[in-house]
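The next block holds one structure in the form of structure tokens; read it before the comments.
Within every chain, numbering begins at 1; the chains are lettered A, B, ... in the order of the sequence lines, protein sequences first and strands thereafter. Values in this document were obtained by computation on a predicted structure and should not be read as measured data.
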Protein chains: 2
Amino acid sequence: MQKEHNLSKNQKIIFDLIDKSRGPMKAYSILFNVQKKGIKAPLQVYRALDKLVEIGKIHKIESRNAFIACQNSSCQVSKATVFSICESCENVSEISNSKLSKYLSNFSDSSGMKYSKYNLEFFGLCKKCKSK
Amino acid sequence: MQKEHNLSKNQKIIFDLIDKSRGPMKAYSILFNVQKKGIKAPLQVYRALDKLVEIGKIHKIESRNAFIACQNSSCQVSKATVFSICESCENVSEISNSKLSKYLSNFSDSSGMKYSKYNLEFFGLCKKCKSK
DNA sequence: TTGTAAATGTTATATTATTACATAATGTTA
DNA sequence: TAACATTATGTAATAATATAACATTTACAA
Ligand SMILES: [Zn+2]
Ligand SMILES: [Zn+2]
Ligand SMILES: [Zn+2]
Ligand SMILES: [Zn+2]
């Protein structure tokens with residue numbers, strides 16, 4: 001049961017844009033695309049992005065400084081994320097592999113650290129790009 | 001057997017600084033610290049960083065836009081990295097766990113993607129910060 | 001309805017990273 | 001050694017990413 005978050009006006013505009021986009025979007029590209037809807041300043045974009053990340057509707061692809069809609073309906077928060085990134089065409093997908101997730105969520109080592117969150121990015125060539 | 005890379009002047013200055021530092025360093029903090037050694041421009045720093053990452057002497061902590069010396073003598077290139085990051089004190093360590101590395105290096109899914117690289121960042125509280 | 005938290009609007013600025021172009025050092029091969 | 005290619009450097013300008021500070025408004029619960 002996923003908590004229903006009532007997105008605010010700006011949050012909804014920005015989420016819809018990212019959700020419809022084919023790939024990850026960068027903050028200033030988002031800004032450019034929503035200016036006709038009245039969102040004029042970077043900060044308005046970043047605030048919405050922060051909130052959307054916080055509630056798990058989108059994730060940040062750290063190595064790309066870009067944002068993608070959650071492709072995994074069970075992600076309530078962005079605290080256990082795995083992505084595959086094609087280094088040629090820059091296509092990004094969210095991987096949901098329960099065995100991998102379980103393995104990572106249960107990971108612990110001798111450092112005494114308590115891990116509450118992780119982000120994993122796999123890089124390589126997608127099917128299309130491999131065959132070129 | 002690790003290939004010996006003869007670092008250039010700037011590469012050496014910047015690697016030594018990062019290597020001596022207690023934690024990850026940011027590019028402009030590096031710049032500030034090496035100005036007395038004649039490195040005056042951001043680009044000089046970024047070029048050295050790029051090279052050092054390429055040969056695996058340092059790694060980039062993507063979520064922090066910061067750079068850390070490789071703590072794992074067998075890392076010849078930055079292509080299979082795992083870090084633990086304390087969200088309170090920002091302490092970062094490179095995790096070298098052969099079981100985990102093997103698991104991740106062998107990971108494949110049904111997407112048809114061939115993975116050649118990964119970066120995993122674990123977040124949590126370190127021992128010290130937990131007990132505060 | 002009053003208080004509080006969340007969201008918005010706006011301007012300015014900080015931080016991170018790259019482009020473009022010129023020159024110098026290094027290493028390889030003929 | 002001469003010629004060539006590769007790698008590294010220097011410098012200036014600018015692009016791209018992200019936050020600080022402050023004023024106001026909206027949503028919503030006590
Ligand atoms: Zn997700
Ligand atoms: Zn591809
Ligand atoms: Zn390493
Ligand atoms: Zn800590």
Q.
If we ignore hydrogens and angles and just use 3.5 Å, is the side chain of A:Glu94 paired with the main-chain N or O of A:Gln71 as donor and acceptor?
A. yes
Q) Taking 5' to 3' order, which nucleotide of DNA chain D is first and which is last to have an atom within less than 4.0 Å of a heavy atom in chain B? A) D:dA8 to D:dA12
Q. Would you call the rings of A:Phe107 and B:Phe122 parallel, tilted or perpendicular if under 30° counts as parallel and over 60° as perpendicular?
A. parallel
Under 3.5 Å, side-chain donor or acceptor atoms of residues 22-41 of chain A against the rest of the protein: list the pairs with distances, not counting sequence neighbours.
| unit_1 | atom_1 | unit_2 | atom_2 | d |
| --- | --- | --- | --- | --- |
| A:Lys26 | NZ | A:Arg64 | O | 3.3 |
| A:Asn33 | ND2 | A:Ser29 | O | 2.7 |
| A:Lys36 | NZ | A:Asn33 | O | 3.0 |

Q. Does the side chain of A:Tyr103 come within less than 4.5 Å of A:Ser98's, by heavy atoms?
A. no
(Q) One thing to verify: whether A:Glu87 and B:Lys117 come together as a salt bridge, which I'm taking to mean a side-chain N less than 4.0 angstrom from a carboxylate O. (A) yes
Q | Hydrophobic cluster (4.5 angstrom, side-chain heavy atoms) - remaining members for A:Leu43 | A | none
**Q.** Short side-chain to backbone donor-acceptor contact, B:Gln11 and B:Ser8, under 3.5 Å
**A.** yes
Q.
Within the 4.0 Å heavy-atom criterion, would you say A:Lys12 contacts the bases, only the backbone, or no part of the nucleic acid?
A. nothing
**Q.** More than 12 heavy atoms from other groups under 6.0 Å of NZ on B:Lys79
**A.** no
Q: Count the heavy atoms belonging to other residues, nucleotides or ligands that lie under 6.0 Å from NZ of B:Lys114, then report whether that count exceeds 12.
A: no
Q: Check DNA chain C against residues 31-46 of chain A and give the residues with a non-hydrogen atom under 4.0 Å, in numerical order.
A: A:Lys40, A:Ala41, A:Leu43, A:Gln44
Q) Taking C-beta and beyond as the side chain, do B:Leu7 and B:Phe15 meet within less than 4.5 Å on heavy atoms? A) yes
Q | Min side-chain heavy-atom separation B:Cys126-B:Ser88 under 4.5 Å | A | no
(Q) How bent is the helix from C:dT1-D:dA30 to C:dA30-D:dT1, measuring the angle between the end axes built from five pairs each, rounded to 10°? (A) 40°
Q: With the side chain counted from C-beta on, respond yes when B:Lys127 and A:Ser111 share a heavy-atom pair under 4.5 Å apart, and no when they do not.
A: no
Q.
Students should find this one: the first and last nucleotides of DNA chain C, 5' to 3', lying under 4.0 Å from a heavy atom of chain A. What are they?
A. C:dA7 to C:dT11
